[in-house]
There are 2 protein chains.
Amino acid sequence: MPKYCNIIITGDCLSVLQKVDLSSVDLIVTSPPYAEKRIKAYGGIHPDKFVEWFLPRSEKFLRVLKPTGSFILNIKEGAHNGQRQTYVMKLVMALCRQGWLWVEEYIWCKKNCAPGKWPNRFRDSFERVYHFTKQKKFSMYQESVMVPMGDWAKSRLKNLSARDRRRDDSAVGSGFSKNIANWVGRDMAYPTNVLHLATECGNKDHPAAFPIALPDFFIRLFTKTGDLVLDPFIGSGTTAVSAKQLGRKYLGIDILAKNCLVAKKRLKEDR
Amino acid sequence: MPKYCNIIITGDCLSVLQKVDLSSVDLIVTSPPYAEKRIKAYGGIHPDKFVEWFLPRSEKFLRVLKPTGSFILNIKEGAHNGQRQTYVMKLVMALCRQGWLWVEEYIWCKKNCAPGKWPNRFRDSFERVYHFTKQKKFSMYQESVMVPMGDWAKSRLKNLSARDRRRDDSAVGSGFSKNIANWVGRDMAYPTNVLHLATECGNKDHPAAFPIALPDFFIRLFTKTGDLVLDPFIGSGTTAVSAKQLGRKYLGIDILAKNCLVAKKRLKEDR
DNA sequence: AGCTCTTATGAATCATTGA
DNA sequence: GTCAATGATTCATAAGAGC
């Protein structure tokens, strides 16, 4: 059993990860504080400083991640003064120089995006999810994220709300397995690199909760039961809740004690 | 009437555009030969050489584009040796340095993408469409690309909810706001920056034809009737056909005489 | 079951003003 | 100039209740 396991730690992941065992993590799933967003919550990282702020931390990610592990990064640049920021591109290229292999970019297409109308752009309805690895060969379990084809299933599963999951869990006790079993013999298909998910509804006491279906997808895709999932910017705890529900171990880190409290509370209440 | 108008020209756009009038083009829509793709057709541009190959040509684009014009670039990096190439990111950043303003990235989500299965990734079902301009203010006609709205609007408008009324009262302070009034009779909605278009079916005698819906969308969005649309890598002629169908002028350029023949044939047959 | 109606809400962006 | 803060403006959808 790893030293730090199934806990939420308050602190900067830069220092906290120093104490975590080398090559002990199977998957890192995270959504860092975006540059110029969450200024009140995180103090704000200027877009020009974002890459240099991130790199020392991603170096620690390299340290604790197993050779066959994956690093999933959810991020999206904003628009300022009529132009899109370029720091996300700069970050990806810097991560490649740091030793990461950029395997894929998934698109998280948000069904319900924020309102607004502007003279020069439409509403932003997608975010990027980058997949990095340490090696060309890595663990991937594609069968565990197969989606059913056909209308009846599409409408049932296009949105995996926490509530749906809870219902399935309580009925069967093991999350997805029952559903998967039900679909055997029906038309199943592999997903593509575009994910259609609604943003989470419901108050999570955190300004930027991503839908649980997002970590859920990548945890099932890149880990097996009992593996360790790390989120170095745990926020409201969604990644940890998802890992726990799927029978994985979790390690959550956040610099704000307030966030850690929210995450711990959600883990206790399993929601 | 511009000198070069409603024609397809065989040649390298680098030299051809030298003869085109300064600031005469309202919109550039193109899908360049991707690096390492279409090697037989174009002789192949190595990923490492792609940016330096492109930049002299995009400089000519700056020359012929009107100050209020837009440049729409459809491109997607491939995967090699298990990793995504970075030349698209490098190109975007180089274009910014060249003077272009990066306004937006649209995601063209391909409904019916190519089948296939690989050990380390799923099927690639999106392409990038970058929107660049010369100025912060540019021509944009958002109303011309509105899409049909769902049924929900009708019922809502029949009987304005108490909450809608309250929200607008507090916002405006005088009973009915004009916001709600704007919705009455509206059955169309603005799109987002994720476009759901099917890929073209049917052989167009060209290996990388994009669906006509793609240039159609951007031509309607960024030009009005009679404007001039340029595609410096016209390929099978889709951009020109779309422009003609929408009552715009077109100028198509391709280095391969074979492509120009196909484009001319399609224009004549209007398909 | 299916239909109608109600409610909730999401990492937004731009123009303007003032320091 | 440049930068920061503030206010104005703005949709489309899912899910649930009720009939």
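Here is the naming used below: chain letters follow the sequence lines, and residue numbers restart at 1 for every chain.
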A.B. asks: Can you check the B:L101 CG to C:dC14 P distance for me, whole Å?
C.D. replies: 12 Å
A.B. asks: Distance between the P atoms of C:dA11 and D:dA8, in whole angstroms?
C.D. replies: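 Going atom to atom, P in each nucleotide, I get 24 Å.
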A.B. asks: What nucleotide, of C:dC14, C:dA11, D:dA12, holds the atom closest to the side chain of A:W118?
C.D. replies: C:dC14
A.B. asks: Between D:dA14, C:dA15, D:dT10, spot the one nearest the side chain of A:P119, thanks.
C.D. replies: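 The closest nucleotide is C:dA15.
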A.B. asks: Out of D:dA12, C:dG10, C:dT13, which has the shortest distance to the side chain of A:P115?
C.D. replies: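 Among the listed nucleotides, the one closest to the side chain of A:P115 is C:dG10.
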A.B. asks: Report the distance from atom NE2 of B:H196 to atom C1' of D:dT13, rounded to the nearest whole Å.
C.D. replies: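 Atom-to-atom, B:H196 to D:dT13, this comes out as 13 Å.
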A.B. asks: Taking CG from A:N112 and P from C:dA12, how many angstroms apart are they, rounded to a whole number?
C.D. replies: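 Atom CG in A:N112 sits about 12 Å away from atom P in C:dA12.
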A.B. asks: Check every strand shown and say whether A:K110 touches a base, only sugar-phosphate, or nothing at a heavy-atom separation below 4.0 Å.
C.D. replies: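 Sugar-phosphate: the residue A:K110, judged by heavy atoms under 4.0 Å, touches backbone atoms but no base.
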A.B. asks: Over all strands shown, is B:P191 touching base, sugar-phosphate only, or nothing at heavy-atom distances under 4.0 angstrom?
C.D. replies: nothing
A.B. asks: Return the value, rounded to whole Å, for the distance between atom NE2 of A:H80 and atom P of C:dA11.
C.D. replies: 16 Å
A.B. asks: What does D:dT10 pair with, Watson-Crick or G-U, if both distances are under 3.5 Å?
C.D. replies: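 The base-pairing partner of D:dT10, which may sit in any strand shown, does not exist here.
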A.B. asks: Backbone N or O of A:G82 within a donor-acceptor pair of the A:R121 side chain at under 3.5 Å?
C.D. replies: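 At least one qualifying donor-acceptor pair exists.
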A.B. asks: Under 3.5 Å for both donor-acceptor distances, Watson-Crick or wobble: does C:dA11 have a partner, and if so which one?
C.D. replies: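 Checking every strand shown, C:dA11 finds no partner, since no pair has both distances under 3.5 Å.
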A.B. asks: Among C:dA12, D:dT10, D:dA12, which nucleotide has an atom closest to any side-chain atom of B:Y190?
C.D. replies: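 The listed nucleotide nearest to B:Y190's side chain is D:dA12.
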A.B. asks: Atom CZ of A:R123 to atom P of C:dT9: distance rounded to whole Å?
C.D. replies: 18 Å
A.B. asks: Taking OP1 and OP2 of C:dC14, is either one under 4.0 Å from a side-chain nitrogen or oxygen of A:R121?
C.D. replies: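 Looking at the OP1 and OP2 atoms of C:dC14, one of them is under 4.0 Å from a side-chain N or O of A:R121.
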A.B. asks: Closest-nucleotide mapping onto DNA chain C: is A:C113 or A:G82 further toward the 5' terminus? I mean the 5' end.
C.D. replies: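 Looking at DNA chain C, the more 5' nearest nucleotide goes with A:C113.
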A.B. asks: Quick one: does NZ or CZ of B:K76 land under 6.0 Å from the six-membered ring centre of B:F126, within 45 degrees of the ring axis?
C.D. replies: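 Satisfied, under 6.0 Å and within 45°.
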A.B. asks: Can a cation-pi geometry be assigned to B:K224 and B:Y141, taking NZ or CZ under 6.0 Å from the six-membered ring centre and within 45° of the ring axis?
C.D. replies: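 No, B:K224 does not lie over the aromatic ring of B:Y141.
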A.B. asks: Are any side-chain N or O atoms of A:R123 and backbone N or O atoms of B:N193, one a donor and one an acceptor, separated by less than 3.5 Å?
C.D. replies: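 Absent.
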A.B. asks: Check the distance between C:dC14's C1' and B:K136's NZ and give it to me in whole angstrom.
C.D. replies: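 It works out to 8 Å between those atoms.
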A.B. asks: I need the CG-P distance between A:N81 and D:dA4, as an integer number of Å.
C.D. replies: 13 Å
A.B. asks: Looking only at atom types and distance, does a side-chain atom of B:T223 sit under 3.5 Å from a main-chain N or O of B:R220, one as donor and one as acceptor?
C.D. replies: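 No.
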A.B. asks: Side chain of B:K137 only, heavy atoms from C-beta on: which candidate in D:dC11, C:dA12, C:dA15 is closest?
C.D. replies: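 Shortest atom-to-atom distance from the side chain points to C:dA15.
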A.B. asks: Can you find a donor-acceptor pair, distance only, under 3.5 Å between B:T192 side chain and D:dA12 base?
C.D. replies: no
A.B. asks: Check whether B:Q135 reaches the backbone of B:K137 with its side chain - one donor and one acceptor, N or O, closer than 3.5 Å.
C.D. replies: yes
A.B. asks: Side chain of A:A79 only, please: which of D:dT10, C:dT13, C:dA11 is the nearest?
C.D. replies: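 The nucleotide sitting nearest to the side chain is C:dT13.
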A.B. asks: Round to the nearest Å and state the distance from A:F122 atom CZ to C:dC14 atom C1'.
C.D. replies: 16 Å
